[in-house]
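Below: the structure, in structure tokens.
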Amino acid sequence: MNVSNLLFKSCASLCVLAATAAIAPAQYEGELTAKRRLFPEVGVGLRAIKRGDSDQTYVLSSQGVMVFDAKDHKLLTIGSPAADVFTSKTIASGATAAARQSFAEDFDVDAAGQIYVADRAANLIVEYSADGNRLKSFHVNAPLSLAALPDGEVAVATLHDPHLILVFDKNGRDIRDFGELEEISSREDLNRYLNSGYLASDARGNIYYAFIYTPEPTVRQYDRNGYASQTIQFTEIEAFAAAQAARKEIERQEHKGKQPAFKPILTAIGVVRASGEVWIALHNRLLRFDKDGYRKATYQLYTPDGTRLDANSILVEKDRILIGSDPLGIFEFERPDIKLGQ
């Protein structure tokens, strides 16, 4: 079931307003130094950090999906780093069960604690119960990212589909798709690759699509039915040189005709589920936008010993931010907006 292209075009004026709002003046800029490193066993192969409605923290890495309690004790590990290998998932009680996972690209956790994993190598979305039992799976070609929605629905971004977002119901049935591609390259295969993105959602079921490779860092927001509500875009003067360099590299690769290979522009997105605030990472730069798309602050990220921290995952909580980096691990920061009263 397709959502008409007219849906996106009807919101064009809202998108323009949001993009303009996102470059409004009076933003804070500064440095953020982490308080401490968390979960020392997590480092190489880190993919994502999530928080469900419980006090548990969920981490996806090359070791699988790990679940930690409020005191940072590991309760559960699901999955295997190797394709077609059955390994054990270990539960705090010592019980074990077989779990199979080829290559987990992304994951999310819904309000009930169900865990959804995008297994790119196996072309599957796999659902696990809160205690780590595999419940079911359904086929999706080359899934890149996913976001859990209300009523058991799952939004998925893929590498090849002509739309940005596919939505599946609780039975794994494709019920709608939406999201027009940005026109970045005249070469069709290259253009689809450059439209790859990360997904996030908020408590109301809104879906956020963060474009990984667009020269100007861009996030589109949709409601769960596919209506575009706003576009956030970072287009200020300090982003101009990087955008120009990205466009030149796109033009160069257009003429080569080979498999595309680009460095990400936008490396992570985190959404405050209650408010809809958007935080994005451009490597070691962390940008905060309010729910209306206004950029409020930009920070440079560093570890406790002063090492530059390039983010590939963001989890914004009530009084702290967790930033993940492959291979450095997961670091805890104070919420600067709360500390500074922004």
Side-chain angles (χ1 to χ4, degrees), residues 22 27-28 32 34-35 38-39 42 46-53 56-61 65 68 105-111 116 118 144-149 155 157 196-212 217-222 230-234 264-302 309-326 328-339 342:
Q27 301 97 5
Y28 175 84
L32 278 184
K35 294 171 58 179
L38 302 177
F39 318 125
V42 178
L46 174 64
R47 304 297 296 177
I49 316 165
K50 304 289 182 178
R51 172 67 73 111
D53 284 358
Q56 295 176 336
T57 301
Y58 301 77
V59 176
L60 174 63
S61 76
V65 177
F68 298 86
E105 186 76 38
D106 192 18
F107 84 117
D108 204 1
V109 183
D110 68 13
Y116 302 85
L144 291 179
S145 187
L146 61 77
L149 303 177
S196 301
Y198 306 121
L199 288 176
S201 61
D202 63 25
R204 295 179 296 278
N206 294 317
I207 303 167
Y208 300 79
Y209 190 94
F211 292 85
I212 300 172
T218 302
V219 177
R220 281 193 205 157
Q221 179 184 335
Y222 300 86
Q230 68 173 344
T231 295
I232 297 171
Q233 195 168 58
F234 181 51
I265 304 294
L266 189 155
T267 59
I269 180 172
V271 174
V272 181
R273 290 185 58 79
S275 67
E277 278 194 1
V278 174
W279 298 65
I280 62 171
L282 315 178
H283 300 278
N284 86 314
R285 300 176 69 190
L286 181 66
L287 282 64
R288 173 187 165 233
F289 297 85
D290 68 16
K291 64 181 180 62
D292 298 313
Y294 289 88
R295 184 168 71 95
K296 306 299 290 185
T298 301
Y299 307 97
Q300 304 283 334
L301 298 171
Y302 298 95
L309 185 64
D310 284 3
N312 75 344
S313 48
I314 303 169
L315 176 62
V316 185
E317 299 185 306
K318 183 178 180 180
D319 56 357
R320 67 176 186 171
I321 302 176
L322 303 189
I323 299 292
S325 176
D326 179 5
L328 296 182
I330 299 173
F331 294 85
E332 179 186 72
F333 294 79
E334 290 184 331
R335 282 275 303 259
D337 52 317
I338 295 174
K339 182 178 179 181
Q342 296 172 342

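If you're wondering where the values come from, they're calculated on a predicted model, not measured in any experiment. All residue numbers refer to positions in the sequence shown, counting from 1.
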Legend entry - For F39, ring pair (Phe, Tyr, Trp, His ring centres under 6.0 Å) partners two or more places apart: F68
Looking at every non-hydrogen atom in both residues, tell me the closest pair between [X] and [Y] and how far apart they are.
| X | Y | result |
| --- | --- | --- |
| S196 | Y209 | C-OH, 3.3 Å |
| A148 | D108 | N-OD2, 2.8 Å |
| T267 | H283 | OG1-N, 3.1 Å |
| R51 | T57 | NH2-OG1, 3.2 Å |
| I212 | P264 | CG2-CB, 3.7 Å |
| Y198 | A268 | CE1-N, 4.0 Å |

Inset, instruction - Mind running side-chain contact (heavy atoms from CB on, under 4.5 Å) on R320 and L38 for me, showing each step along the way? - result: CA-CA 12 Å; R320 67 176 186 171; L38 302 177; 3.7 Å; yes
Inset, instruction - Given side-chain contact (heavy atoms from CB on, under 4.5 Å), test R285 with Q300 step by step and report yes or no. - result: CA-CA 5 Å; R285 300 176 69 190; Q300 304 283 334; 3.6 Å; yes
Is there a donor-acceptor pair under 3.5 Å between the side chain of [X] and the backbone N or O of [Y]?
| X | Y | answer |
| --- | --- | --- |
| D292 | Y294 | no |
| E317 | R335 | no |
| D202 | G276 | no |
| N312 | L46 | yes |
| S145 | L199 | yes |

Would you call [X] and [Y] a side-chain contact if the rule is heavy atoms closer than 4.5 Å?
| X | Y | result |
| --- | --- | --- |
| V272 | W279 | yes |
| L282 | L266 | yes |
| I314 | L286 | yes |
| S313 | I330 | no |
| D106 | L144 | no |
| I280 | F289 | yes |

Legend entry - Y116 versus D110, side-chain donor and acceptor atoms under 3.5 Å: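 Looking only at side-chain atoms, Y116 and D110 do form a donor-acceptor pair, the distance falling under 3.5 Å.
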What distance separates [X] [atom1] from [Y] [atom2], expressed to the nearest 0.5 Å?
| X | Y | atom1 | atom2 | result |
| --- | --- | --- | --- | --- |
| D337 | K296 | CG | NZ | 10.5 Å |
| L287 | T298 | CG | OG1 | 4.0 Å |
| L328 | L309 | CG | CG | 6.0 Å |
| F333 | L301 | CZ | CG | 5.0 Å |
| I323 | L32 | CD1 | CG | 8.5 Å |
| Q230 | R220 | CD | CZ | 12.5 Å |

Inset, instruction - Mind telling me whether Y58 and F107 have parallel, tilted or perpendicular rings, with 30° and 60° as the class edges? - result: tilted
